[in-house]
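Read through the structure below, which is laid out as structure tokens, and then see the notes.
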Amino acid sequence: MNTKKSNYFDLVYQVVREIPPGRVCTYGTIAHYLGLKSGARMVGYAMNAAHTLPDVPAHRVVNRAGVLTGKHHFATPTRMQELLELEGIHVEKDQVQDFDKLFWDPEKELGL
DNA sequence: TAGGTGACCCGCG
DNA sequence: GCGCGGGCCACCT
């Protein structure tokens, strides 16, 4: 196990990994769920490091507007959208359709 | 060592 | 009601 890695990073990965297929979550929600008063920005940073982990579906994490803000950080700018479509999520112009319905709230789904 | 950036969000004008 | 700017903390160079 890692020893000098920020634990809160792993916490973000844990929540992201808990996101079921065909569902999406937001940075602010994860930050609030973990209690990261640091802000959703830190969650985005964790996603950047998520590239080191194979089981971190960062493509299921989008911003408050349901826009694939971080798609540009994937292997390819279209990788994120492709992955979401494979999950059955309709994405148009880098924007998640029915995002309001596909939204997955950990505090509710996990049963806080 | 120090400075700047960043996959964002909220508040104010 | 809408638009724009600032702010928060941690990682990177």
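In what follows, every heavy atom counts, from backbone to side chain, and hydrogens, waters and symmetry copies are set aside. None of these values were measured; they are calculated from a predicted model.
Rounded to the nearest 0.5 Å, atoms CG (Leu84(A)) and CG (Leu68(A)) are 5.0 Å apart.
Contact annotation for Gly70(A): base contact, defined as any heavy-atom pair under 4.0 Å involving a base atom. Across all strands, Ala58(A) comes closer than 4.0 Å to base atoms (heavy-atom distances).
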Would you please test Val62(A) and Thr69(A) for side-chain contact (heavy atoms from CB on, under 4.5 Å) and show each step? CA-CA 7 Å; Val62(A) 295; Thr69(A) 48; 5.8 Å; no
Given the rule in the side-chain contact (heavy atoms from CB on, under 4.5 Å) test, do Thr26(A) and Phe99(A) qualify, once you have shown the distances and angles that lead to the verdict? CA-CA 10 Å; Thr26(A) 67; Phe99(A) 170 74; 3.3 Å; yes
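The shortest non-hydrogen separation linking Ile19(A) to Arg60(A) is O-NH1, 2.7 Å. The nearest pair of heavy atoms linking Lys71(A) to Asp94(A) is NZ-OD2, 2.8 Å. Closest approach of Ile89(A) to Gly22(A), counting heavy atoms only: CD1-C, 3.7 Å.
Residue His59(A) places no side-chain atom within donor-acceptor reach of the base of dA7(B), judged by atom type and a 3.5 Å distance cut-off alone. With hydrogens and angles ignored, no donor-acceptor pair closer than 3.5 Å exists between the side chain of Arg41(A) and the base of dC9(C).
Rounded to an integer number of Å, the gap from CG of Leu34(A) to P of dC9(C) is 17 Å. Remark: P of dC8(B) and NE2 of His72(A) are 13 Å apart, rounded to the nearest angstrom. Atom P of nucleotide dG6(B) and atom CE of Met42(A) are separated by 12 Å, given to the nearest angstrom. Computed from coordinates, the Tyr45(A) OH to dA7(B) P distance equals 7 Å when rounded to whole Å. dC12(C) atom C1' lies 11 Å from atom CZ of Phe9(A), rounded to whole Å. Rounded to an integer number of Å, the gap from Leu36(A) CG to dA10(C) P is 10 Å. Look at CZ on Phe74(A): it is 12 Å from P on dA7(B), rounded to the nearest Å. Note: NE2 (His51(A)) to C1' (dG6(B)) measures 14 Å, nearest angstrom.
In this structure a side-chain-to-backbone donor-acceptor pair under 3.5 Å is present from Asn63(A) to Gly66(A). Judged purely by atom type and a 3.5 angstrom limit, Glu109(A) has no side-chain atom pairing as donor or acceptor with the backbone of Glu107(A). Although no hydrogens or angles enter the test, the distance criterion places no donor-acceptor pair under 3.5 Å between the side chain of Tyr8(A) and the main chain of Leu34(A).
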Atom pairs, N/O to N/O, protein against nucleotides 9-13 of chain B, distance under 3.5 Å?
{"unit_1": "dC9(B)", "atom_1": "OP1", "unit_2": "Arg64(A)", "atom_2": "N", "d": "3.0"}
{"unit_1": "dC9(B)", "atom_1": "OP2", "unit_2": "Arg64(A)", "atom_2": "N", "d": "3.3"}

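Near DNA chain C, meaning a heavy atom under 4.0 Å away, there are no residues from residues 83-92 of chain A.
If you take atom P in dG6(C) and the same atom in dG4(B), they sit 16 Å apart, rounded to whole Å.
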